[in-house]
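Here the structure comes first, spelled out in structure tokens, and everything after it is commentary.
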Amino acid sequence: MRIRNFYPLITTSHLVEARDFYVRHFGFEPLFEASWFVLLLGKDEHGNPGPALAFMRPEHPSAPPGPEPFSGAGMIFTFEVADAAAAQKAIAKSGAPIVHPLTDEAWGQRRFMTRDPAGTLIDIVQQIEPKPGFWEKYPPQ
């Protein structure tokens with residue numbers, strides 16, 4: 001099987017708020033919108049089409065069996081950026097919540113986290129040098 005596209009679809013009653021969050025804070029653009037569904041498209045750092053993300057209201061009759069409204073548990077979106085400190089300042093200034101402060105992690109990431117209106121944690125990371133010897137404790141299997 002060859003996959004033509006891939007995007008997460010989050011079932012939430014906060015459809016408009018989620019759309020506005022990703023448009024405002026991350027520059028996503030609506031690719032398709034209806035009263036019950038929105039498909040967003042991001043751009044990479046060069047302005048090319050990037051990640052896609054969709055939201056659907058739980059009460060729409062086209063919903064397939066099983067997609068209970070998302071509770072926020074068990075999923076994190078990771079967005080890799082060139083400069084996490086600059087991204088953190090921009091996100092904080094634009095009003096998104098900072099739920100984990102900017103931190104340099106021993107495994108080689110500078111990161112902070114925010115949360116969207118649907119409850120999804122967003123981990124914004126920049127790759128940095130890991131602390132010497134960190135990965136020696138975790139050899140490949």
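Think of Phe6 as one node in a network of Ile, Leu, Val, Met, Phe, Trp and Tyr side chains linked at under 4.5 Å; it has no links at all. Membership of the apolar cluster around Phe134 extends to Trp107, Trp135, Tyr138, as traced through chained side-chain contacts below 4.5 Å between ILVMFWY residues.
Residues passing the side chain to side chain donor-acceptor pair (under 3.5 Å) test with Arg115: none are found, sequence neighbours excluded. Judged as a ring-ring contact (aromatic ring centres under 6.0 Å, His included), and not counting sequence neighbours, the contacts of His25 are Phe21. With sequence neighbours left out, the ring-ring contact (aromatic ring centres under 6.0 Å, His included) criterion links Phe55 to Tyr22. Under the side chain to side chain donor-acceptor pair (under 3.5 Å) criterion, Asp104 pairs with Arg110, sequence neighbours left out.
A heavy-atom distance below 4.5 Å is found between the side chains of Phe112 and Ile98. Between Met56 and Trp36 there is a side-chain heavy-atom pair separated by less than 4.5 Å. Between Phe28 and Leu41 the shortest side-chain heavy-atom distance does not fall below 4.5 Å. For the pair Phe37/Leu9, a side-chain contact is recorded, criterion being any heavy-atom separation below 4.5 Å from C-beta on. With contacts defined as side-chain heavy-atom distances shorter than 4.5 Å, the pair Val38/Leu15 qualifies.
Nearest heavy-atom pair across Ser13 and Pro58 is N-CD, 3.8 Å. Closest approach of Pro30 to Leu40, counting heavy atoms only: CA-CD2, 3.8 Å.
Both Leu102 and Ile91 are part of a single hydrophobic cluster, where members link through side-chain heavy atoms under 4.5 Å apart.
Note that NE2 of His100 is 14.5 Å distant from CD1 of Ile122, once rounded to the nearest 0.5 Å. Atom-to-atom distance recorded for Leu39:CG and Leu31:CG is 5.0 Å, nearest 0.5 angstrom.
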Report the C-alpha separation of Thr114 and Phe26 in whole Å, then their side-chain angles, then the decisive distance to 0.1 Å, and conclude whether the side chain to side chain contact (heavy atoms under 4.5 Å, CB included) test is met. CA-CA 12 Å; Thr114 186; Phe26 296 103; 4.2 Å; yes
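Atom NZ of Lys93 has 12 or fewer heavy atoms from other residues, nucleotides or ligands within 6.0 Å.
Under the side chain to side chain donor-acceptor pair (under 3.5 Å) criterion, the residue pairs touching residues 123-133 are Arg111-Asp123, with sequence neighbours excluded. Each salt bridge (Lys or Arg N to Asp or Glu O under 4.0 Å) pair with one or both residues in residues 26-51, not counting sequence neighbours, appears once here: Arg19-Glu33, Glu29-Lys43.
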Mind listing the side-chain donor-acceptor pairs of residues 69-90 below 3.5 Å, one per line with the distance, residues two or more places apart or on another chain?
{"residue": "Ser71", "atom": "OG", "partner": "Ala73", "partner atom": "N", "Å": "3.4"}
{"residue": "Asp83", "atom": "OD1", "partner": "Ala85", "partner atom": "N", "Å": "3.2"}
{"residue": "Asp83", "atom": "OD1", "partner": "Ala86", "partner atom": "N", "Å": "3.0"}

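Remark: side-chain polar atoms of Thr12 are paired, donor with acceptor, to backbone N or O of His14 under 3.5 angstrom.
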